[in-house]
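Notes to accompany the following structure.
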2 protein chains.
Amino acid sequence: MSDDFADRIRSSGKRLTAQRELILRAVEALEHATPDEILTEVRKHSAAVNASTIYRNLEVLEELGLVRHAHLSDRAPTYHSVGEHEHFHIVCRDCHKVVSVDPDVVAPVARRLDDEFGFVADIGHLTVFGHCADCLPG
Amino acid sequence: MSDDFADRIRSSGKRLTAQRELILRAVEALEHATPDEILTEVRKHSAAVNASTIYRNLEVLEELGLVRHAHLSDRAPTYHSVGEHEHFHIVCRDCHKVVSVDPDVVAPVARRLDDEFGFVADIGHLTVFGHCADCLPG
DNA sequence: TTCCATGCAAACACTTTGCACCGTG
DNA sequence: CACGGTGCAAAGTGTTTGCATGGAA
């Protein structure tokens with residue numbers, strides 16, 4: 001599995017660095033972490049790493065298909081490893097609770113968008129905002 | 001219709017100001033405009049208005065249900081007037097084309113999220129990213 | 001030994017806030 | 001004439017970039 005990672009990096013012409021590995025491990029450990037949270041996590045395990053290195057590598061790791069991001073708030077995006085099975089998110093506007101949902105739930109819509117518009121939806125990036133049962137009036 | 005606006009504002013205990021009216025008109029005229037674009041539009045019709053006034057009033061107008069916003073890019077949000085019929089957006093990652101889609105298309109999913117999670121989705125805020133027919137490989 | 005990657009600091013894009021003055025109700 | 005709204009400037013948050021140095025291949 002670390003070998004998968006090493007191969008994936010190298011075969012893209014990029015280099016395997018300590019920082020890259022640390023950042024990927026941090027994303028795997030945290031799930032749904034912002035760049036800042038990832039920075040904090042990385043620093044727990046190793047000496048100082050620069051914030052710009054986090055941003056640059058999250059971009060690289062996403063290009064390589066090793067991590068993904070979603071927008072769960074109006075603030076910073078959150079990253080998660082692709083190892084987890086694909087899912088999308090529903091987020092409550094009031095209590096900010098996040099629930100991961102199986103792609104099957106939106107499959108019919110994806111099909112319809114493809115049929116009607118020739119549009120292929122990126123389900124893994126999808127976030128649906130709304131109100132959860134606990135926060136609904138009444 | 002301007003009266004609707006005036007009433008709506010006043011009955012909320014807020015005041016009717018020239019800036020508020022200009023900002024609402026700008027949102028109506030532009031559709032899917034960022035705060036900065038709205039600022040530019042407002043300045044075409046009137047003297048200088050401050051950026052902070054734009055932000056403060058977009059928030060107020062949204063609370064009053066007169067405008068809505070969606071996130072169509074990784075940059076600034078875009079605002080549109082509620083006068084338009086409700087819709088959600090699909091956005092192409094490559095060419096950034098935006099298409100407005102009827103809520104009916106996602107109604108089944110909304111129903112399912114409500115049934116399974118007690119979650120009431122905010123369809124008007126929804127943005128689905130993906131790839132349009134023109135930008136698909138093959 | 002070649003370039004890609006990193007650290008650092010500055011710049012950047014967008015938004016928010018504190019405070020004095022302005023103007024609606 | 002009270003209190004909400006505005007302009008202005010400064011600060012805040014999140015992200016990007018230029019450049020010199022460092023290290024993987």
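In what follows, every heavy atom counts, from backbone to side chain, and hydrogens, waters and symmetry copies are set aside. Letters go in sequence order (proteins before strands), and every chain restarts at 1. Quantities reported herein were computed from a predicted structural model and do not represent experimental measurements.
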Practice problem: If the plane angle is over 60° it's perpendicular, under 30° parallel, otherwise tilted; pick one for Tyr79(B) and His69(B). | Solution: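 Because their plane-to-plane angle lies in the 30° to 60° range, the rings of Tyr79(B) and His69(B) count as tilted.
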Self-check item: His87(A) and His80(A) aromatic ring geometry - parallel, tilted or perpendicular at 30°/60° bounds
Solution: tilted
Quiz prompt | Salt-bridge criterion met for Asp36(A) and Arg75(A) (N-O under 4.0 Å) | solution = no
Exercise. Using a strict cut-off of less than 4.0 Å between a Lys/Arg side-chain nitrogen and an Asp/Glu carboxylate oxygen, indicate whether Arg56(A) and Glu59(A) qualify as a salt bridge.
Key: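 Salt bridge: no.
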Quiz item: Between the side chains of Arg93(A) and His125(B), does any donor sit under 3.5 Å from an acceptor?
Solution: yes
Quiz item: Is the closest side-chain donor-acceptor distance between His131(A) and Asp122(B) under 3.5 Å?
Solution: no
Please tabulate, one pair per line, each protein N/O and nucleotide N/O from nucleotides 11-13 of chain C that are separated by under 3.5 Å, including the distance.
none

Quiz item: Of the residues in residues 44-69 of chain A, which ones touch DNA chain C at a heavy-atom distance under 4.0 Å?
Solution: Ala48(A), Val49(A), Asn50(A), Ser52(A), Thr53(A), Arg56(A), Asn57(A)
Atom [atom1] of [X] and atom [atom2] of [N]: how far apart are they, to the nearest Å?
X        : N       : atom1 : atom2 : value
Leu39(B) : dC14(C) : CG    : C1'   : 13 Å
Leu22(A) : dG7(C)  : CG    : P     : 10 Å
Glu21(B) : dT24(C) : CD    : C1'   : 14 Å
Phe5(A)  : dA24(D) : CZ    : C1'   : 13 Å
Asp74(A) : dT15(D) : CG    : P     : 13 Å

Practice problem: Taking the side chain as every heavy atom from C-beta outward, state whether Val99(B) and Phe119(A) have any pair of such atoms under 4.5 Å apart. | Solution: no
Quiz item: Are side-chain heavy atoms of Val27(B) and Leu58(B) found at a separation under 4.5 Å?
Solution: yes
Quiz item: Are OP1 or OP2 of dG23(D) and a side-chain N or O of Arg15(A) less than 4.0 angstrom apart?
Solution: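 Checking dG23(D) against Arg15(A), no side-chain N or O comes under 4.0 Å of OP1 or OP2.
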Quiz item: Are OP1 or OP2 of dG7(C) and a side-chain N or O of Gln19(A) less than 4.0 angstrom apart?
Solution: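 So the side chain of Gln19(A) is within the cut-off, an N or O lying under 4.0 Å from OP1 or OP2 of dG7(C).
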Quiz item: Hey, which of these two, Pro77(B) or Arg10(B), hits DNA chain C nearer its 5' end, going by closest nucleotide?
Solution: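 So the residue in question is Pro77(B).
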Quiz item: Of the nucleotides dA24(D), dT6(D), dT15(C), which one has an atom closest to the side chain of Thr17(B)?
Solution: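 The nucleotide sitting nearest to the side chain is dT6(D).
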Exercise. For residues Leu24(B) and Phe5(B), report the shortest heavy-atom separation together with the two atoms involved.
Key: CD2-CD1, 3.4 Å
